[in-house]
Structures are given as C-alpha cells and as structure tokens.
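Below, chain A is the first sequence line, B the second, and so on; all start at residue 1. Computed from a prediction, not measured in an experiment: that's the story for all the values here.
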2 protein chains.
Amino acid sequence: MIVSSSNHRNHRSPSCLACPLRLKPAFKDKSDEEIRFIQAMKIDHRQLPAGADIIHPGQEDAELYTLFSGWAFRYKSLPDGRRQILNFLLPGDLVGLQASLLSAAQHGIEALTEVELCVFPRRRTYEMFGRMPALAYELAWLGSREESLIDENLTSVGQRNAQERIAALVISLYRRAEALGLVAENSFAFPLTQQQLADALGLSLVHTSKTWARLRKAGMFSLERGRLTIHNPRLTERMALLFESELHPRPLI
Amino acid sequence: MIVSSSNHRNHRSPSCLACPLRLKPAFKDKSDEEIRFIQAMKIDHRQLPAGADIIHPGQEDAELYTLFSGWAFRYKSLPDGRRQILNFLLPGDLVGLQASLLSAAQHGIEALTEVELCVFPRRRTYEMFGRMPALAYELAWLGSREESLIDENLTSVGQRNAQERIAALVISLYRRAEALGLVAENSFAFPLTQQQLADALGLSLVHTSKTWARLRKAGMFSLERGRLTIHNPRLTERMALLFESELHPRPLI
DNA sequence: CGTAATATTGATAATGATCAAAGGTAGTGG
DNA sequence: CCACTACCTTTGATCATTATCAATATTACG
C-alpha cells in the first residue's frame, strides 16, 4: 500500500500550535514564530493503517514527515528477502529525513501500528535552511540523534549475544516511551511481532522466540494484552551491558 | 593520545581554495564565497599518528573536523571491552558531526593511519546555519550519507554470513576509494588489521582470518604490500548480495 | 466458527566462538 | 647486522550459539 493515495487524508488537521507533542518532556521549546512557520509548511495530515508503506526502497520523491502518533520502522532488504530492521520510530520522530536529503531512499519505512503523519514538502527543505536556521539546526540534531540510535543497534547486533540484544532493545524502547510519557507502572504498549523482533535483532525467528521466552520466565519482563512490563529497568540495563561511554576516556581493553 | 595537545599543529596550513579534495569527482562544486567562509572558519590543520584518538567516548567539547588525508574509524565499546567499529572515514569525510551536535560523543573516533585533519570550531556550527544555509544543507546531507553507510553495515552484520560480510565491506571500501580517485588497476591502499576487520564485521578474529583466507584463495581478492586488489568487482558485489533497493518497489518476501 | 497469522517446542545441523600454539613481520637497540 | 620484542596472522581442535526443519499450539479476526 502506497502512501500517495489520498484516501487517508484527514481534513481535521490539528493546529501545530496546540500539538500535544509540544507538551512532552522530550520536546524542546520552540518559539511561536517557528511553530507558525512549521504550520505553514505542513501540507497534509495523513492516517495510515498498520503495515502500510510510508516510504518504499528506492523512492525518489519521498516527502518529509513527522510521526504524530503510532509506531513505524525503517528497514533494508537483501535481494533474497532477508531484511534488517534498522530502527523504530516513535511519536515525535522525524520520518524520511535521509530519504529527502539523498536522491533516492536507501531504505523502506513501514507503519508498525496505525499511524498519523504530519506531511511536509521535501522540495521546501532547502528553503527552510535559508529561512529558519534554528529549525534547520534542529533537523540536523534530530538526524544525529537517529544516527546515534543506529550506532547502538549496530553495536548490539555486532557484539551482544541473543539475551543481551533483547535486553538492550527492550530497555531502549522503554526509555524512549518513558521520555514521551507513555510508561505507566513500568509498562508500555508494545506492538512488535516476534518476526519483527527477530529482524531487528539479527536473529532467527525461532531463536528469538526461545530466548524471549527464557527472559520472560526468568522474570525480566512480561507481556500481557500488548503491554510490556519491565520488572527491574536498572537490572535490565545491566544485563544489556549498557553504559560505558560515560566512564572511560579510553576504551578499556 | 588526545587531540587537543598542540604538538601536532601544522603551521603550513594549505589554502581551502586550493584544496586538492575539491578536484575529486566525489566533491560537489562550491562557490568561491563558500570556500572563503570555510577558510575563515578553519582554525587549525592537525596531523596525528596512526592509533591516535580523534574523539574519545563521552567527550563533550569535540570539535568538528574534515579528514584531509588518511583513514579513521568510528567505534563504540561495551563495558567488558568488546567493541564495534561503526564505519570507516576516508579523505573528504566529515569527522565528528554527531559529536558536535549532541551534548557528548556517544562513540569514539580513532586514526587508522596517520591522518591530517582540518579543524573547525564546534561553537560556530550554529552560526554557520544562520550565515551559510547552503553549507548547513551540505552538512546535513553528509550526515545523511554517513547514516546510509551505517544502515548498510547494520544490514550486513545482522543478515549476512561471514563471507558475504567480508565481500560487502571490501567492495564498499573499494567503491569509496574509487570515487576519490584512489583506485589504480583494481587495487587500493588497505591499512586494516584483521582485528579491526573483525570488529567491523562483528566476527571473532579467528573466524575473520579463516574466512578472509578462504576468499583470498578462491580468488576474490589479494593483498600485497598493503594494497588490496579486487579481481572482479561486479562478481564481488553479487557475492555480497548488494543492490536491491533499485529493483523492488516492495521487498520481495 | 473457521481460517490465517503468530507463537511455541523439540530435534538436528551449521556457523561461528574459543582455546592454544606456532609462524611472520616490523621495529628497536646493542 | 643480529637479536629481541611486540604485534599480527595462521592453523588445528573443540565447544557454544544460533539456524533450520518440522510439527503443534495459540491468538486474532472476519
């Protein structure tokens, strides 16, 4: 399913000034002028069902989006069908910055749940750099933050074993959900299938299922009616072998 | 070894207008005005030996660099010493964009060979966004290109087997060297140790050595006096399972 | 209620990790 | 120029983790 069909246009487009995402702790304060500029740039507000393609691999005219609600993921596929999920996108995340700066998308982006997207014209990205440097800087900042997330995933897949990878992924999503105010009593909505987990972790479906079950039975977390509860976040962080950059001016070894 | 020591300052700082990197096919044309602005921003030209830290993990005041000559790599370490090499940096690449936009470096950057760096003040990055939007856009573009490289590495480490990973890494470096005009008769300078290869591929040193030897004996490439020759680049690309995004509007599966 | 998608489990195979030891190579200093 | 050292590479043997195959629950949904 391709985004460009207009059936999903939502005419009750919310005002950016009143955007609920502005209230979240994770969001920096923006001036009203900037918000008005964003509002003027916004050309659409779209709703898409779970499983929809937001950007398909190779697409050359991908617009720039902001994820207003729901989850999505970026992925890359090999010619034989294997695919790697690169990172997950949560509300407030920028969608398609890389695709709109490069001439063609080197990856796909798919809606994981039903999503709402704010749509901005890629053609005017360059204009924005000229007229709203603070926003352009913010864009670059968001891009760097995404890169940092991918760095973390690459480190996971390259160096951690199955248990550690699951712990790292789960705690990373937990922390992000927490920053958005989506965590209540250590639990948050967790819409991933095990196939998607496997594709993100670089593991087979079967091994993912077994390791997931083992950690669940060991009491690391539980999953009920689509909500994941992390019983001891700090412990999970330690099992994921997180945190080193703060400690060592030079890598240990 | 930390970069900030001034022993490595080189007072014969070359003019940006005459920068040899401007001549390379990979570089877009910039106006003389932009080049003069870059020249004015440039505060130093540094030389560092192989193995030197350019940015260390957690560093908060990392400057922004351009790699003038030599190779470097970005990496992340786990508390127990395992490390993942995230990507390699070749001449003309931006060094430390992520570190200068985020409050602290989430990774380290190390010189792989002796390097020369052009140094720009991180404090003035923001100023540049206001005064030279075209350059700011270029910066964001370079950042996206780096992210795209990491996406590719993550896909490799998550989905490809040892042979395919080696083929993919080797061909990726080959293509980048080619774009810089560093390839002659299918061969280019290749300064990596097997430990660094292993850390980039997410494989053990021993398995890397064995697989590397197997591919060498199978005739994929040869390595003599520090130069790698790829005997059949197209074939190597196919063995790496490269290229799908151009072909499929939707992933096969 | 039936059907398709998703999750679980057991058995076996393959890939890659670890351990250990021995060659190479380059650089240093006598 | 040789000997010494440190680092890097190669190789064989064994072990562990993860993949694959196959069959059976379970859940979600029209």
Please check the phosphate of D/dT18 (OP1 and OP2 only) for any side-chain N or O of A/S204 closer than 4.0 Å.
no

How close or far is atom P of C/dG23 from atom CD of B/Q194, stated in whole angstroms?
18 Å

What is the distance from CH2 of A/W212 to P of C/dA7, rounded to the nearest Å?
10 Å

Ignoring backbone atoms, test whether A/K217 places a side-chain nitrogen or oxygen under 4.0 Å from the OP1 or OP2 oxygen of C/dT9.
yes

A/H107 side chain near A/Y75 side chain, heavy-atom distance below 4.5 Å
no

Cut-off 3.5 Å, side chains only: do A/T208 and A/Q194 have a donor facing an acceptor?
no

So if I take every side-chain heavy atom of B/V206 and compare against C/dG10, D/dT18, C/dA20, which nucleotide ends up nearest?
C/dA20

Just checking, is any N or O donor in the side chain of A/Q163 or A/T211 under 3.5 Å from an acceptor N or O on the other one?
no

Report yes if a side-chain nitrogen or oxygen of B/R216 is closer than 4.0 Å to either non-bridging phosphate oxygen (OP1 or OP2) of D/dT10; otherwise report no.
yes

For B/L203, report the nucleic acid contact type (base, sugar-phosphate, nothing); a contact means any heavy atom under 4.0 Å.
sugar-phosphate

Counting the atoms with a prime plus P, OP1 and OP2 as sugar-phosphate, which does A/G226 contact under 4.0 Å by heavy atoms, base, sugar-phosphate, or nothing?
nothing

If you check the B/K210 side chain, which of C/dT18, D/dT18, C/dT6 turns out closest?
C/dT18

Please report, rounded to the nearest Å, how far the C1' atom of D/dC8 is from the CG atom of B/L197.
12 Å

d(CG, B/L205; C1', C/dA20) in whole Å
13 Å

Once you round it to whole Å, what is the distance between C1' of C/dT18 and CD of B/Q195?
14 Å

A/E164 bridged to B/R82 by N-O distance under 4.0 Å
yes

